[in-house]
Amino acid sequence: MKEYKYRINGNLYSVKIGDIDNNLAKVEVNGVPYKVELQKTEKPVNIVSSPRPSAAPRTQSGEKVIAKPKVQAGGYPVEAPLPGVVMSVGVKVGDTVKAADTVVVLEAMKMENAIHAGRDGKVASISVTPGDSVLQGAVLLTLE
């Protein structure tokens with residue numbers, strides 16, 4: 001039982017509140033027991049239905065769209081700095097690029113991010129195509 005002390009109109013009351021069962025509370029005021037019925041409050045019940053996860057998207061050939069990071073032997077990998085969707089690839093295999101050239105445009109958080117080559121070189125391979133979803137650290141292309 002929880003005990004509270006109240007002063008009402010100069011009179012001191014010692015109130016002990018016991019168990020509450022089905023809106024009926026056992027209360028003791030200055031040693032006299034009472035059964036107090038609590039007023040029921042009707043609250044609307046909100047039913048929240050969580051959306052079911054959908055299947056991972058696939059390409060026309062049936063492969064998963066999400067590209068996983070790949071380890072390339074030799075060469076300089078240009079990696080995705082954050083997860084997103086490849087909007088466009090601005091180079092092709094064999095192109096010579098400068099460090100500041102935009103090689104891929106990646107959409108992440110509803111913003112287009114220009115991914116730069118990072119160093120001068122020649123494009124050895126391209127690992128992604130427009131529309132691919134990539135994770136952070138995924139190799140987008142490799143420079144020689």
Side-chain angles (χ1 to χ4, degrees), residues 1-9 12-30 33-144:
M1 290 188 122
K2 289 189 176 188
E3 184 173 355
Y4 301 94
K5 297 197 185 274
Y6 297 102
R7 185 173 301 275
I8 303 173
N9 294 332
L12 183 63
Y13 294 92
S14 174
V15 180
K16 294 181 183 177
I17 301 176
D19 296 331
I20 300 174
D21 187 30
N22 289 332
N23 287 350
L24 192 61
K26 295 179 182 176
V27 179
E28 188 176 298
V29 180
N30 290 341
Y34 295 95
K35 289 186 179 180
V36 178
E37 185 176 347
L38 303 174
Q39 183 178 3
K40 291 184 180 180
T41 57
E42 299 282 333
K43 292 183 182 178
V45 177
N46 293 332
I47 298 174
V48 178
S49 61
S50 58
R52 299 186 75 195
S54 60
R58 300 202 177 249
T59 62
Q60 290 179 354
S61 63
E63 297 175 17
K64 290 182 182 176
V65 174
I66 297 176
K68 301 214 188 244
K70 297 176 184 174
V71 179
Q72 298 275 340
Y76 175 78
V78 177
E79 298 177 346
L82 66 168
V85 177
V86 176
M87 298 301 292
S88 65
V89 179
V91 295
K92 53 187 182 294
V93 176
D95 286 355
T96 302
V97 294
K98 298 285 183 190
D101 289 351
T102 299
V103 292
V104 175
V105 176
L106 188 68
E107 180 187 4
M109 297 181 286
K110 298 188 180 185
M111 294 191 61
E112 291 185 4
N113 300 280
I115 310 301
H116 301 286
R119 73 171 208 178
D120 296 349
K122 184 174 160 185
V123 178
S125 67
I126 300 174
S127 305
V128 295
T129 58
D132 286 354
S133 294
V134 295
L135 301 172
Q136 180 177 356
V139 176
L140 302 173
L141 55 93
T142 306
L143 300 176
E144 292 179 338

So Asn23 and Gln39, side-chain contact (heavy atoms from CB on, under 4.5 Å) or not? Walk me through it. CA-CA 7 Å; Asn23 287 350; Gln39 183 178 3; over 6 Å; no
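- Evaluated for a side-chain contact (heavy atoms from CB on, under 4.5 Å) with Val123, the options Val103, Val89, Val91, Thr96 yield exactly one hit, Val91.
- When all heavy atoms are compared, the tightest approach of Val29 to Tyr13 is CG1-CD2, 3.9 Å.
- In terms of heavy atoms, Leu106 sits closest to Gly84 at CD1-C, 3.9 Å.
- Of all heavy-atom pairs spanning Ser133 and Val85, the tightest one is OG-CG2, 3.9 Å.
- The minimum heavy-atom distance between Arg119 and Leu143, with the atom names listed, is O-CD1, 3.6 Å.
- Among all heavy-atom pairs drawn from Pro83 and Ala108, the shortest one is O-CB, 3.3 Å.
- Rounded to the nearest 0.5 angstrom, Lys122 NZ and Thr142 OG1 are separated by 14.0 Å.
- A salt bridge does not link Lys35 to Glu37: none of the charged side-chain nitrogens sits closer than 4.0 Å to a carboxylate oxygen.
- Within the model, atoms CD1 of Ile115 and OG1 of Thr102 stand 8.5 Å from one another, a figure rounded to the nearest 0.5 Å.
- For the atom pair Ile17 CD1 and Lys2 NZ, the distance stands at 8.5 Å (nearest 0.5 Å).
- Taking NZ of Lys92 as the start and CG of Leu141 as the end, the distance is 13.5 Å to the nearest 0.5 Å.
- Summarising the geometry of Pro130 relative to Ser88, their closest heavy-atom pair is CG-CA, 4.2 Å, with the distance given to 0.1 Å.
- Atom CG of Asn22 has 12 or fewer neighbouring heavy atoms from other residues, nucleotides or ligands inside a 6.0 Å radius.
- Looking at heavy atoms from C-beta onward, Leu24 lies out of side-chain contact with Leu38 at the 4.5 angstrom threshold.
- Looking at Asn113, its side chain never comes within 3.5 Å of a backbone N or O of Glu107 through a donor-acceptor pair.
- A heavy-atom distance below 4.5 Å is found between the side chains of Val134 and Val128.
- Rounding to the nearest 0.5 angstrom, the gap separating the OH atom in Tyr4 from the OG atom in Ser14 is 12.0 Å.
- The structure places NZ of Lys98 at 15.5 Å from NE2 of His116, a figure rounded to the nearest 0.5 Å.
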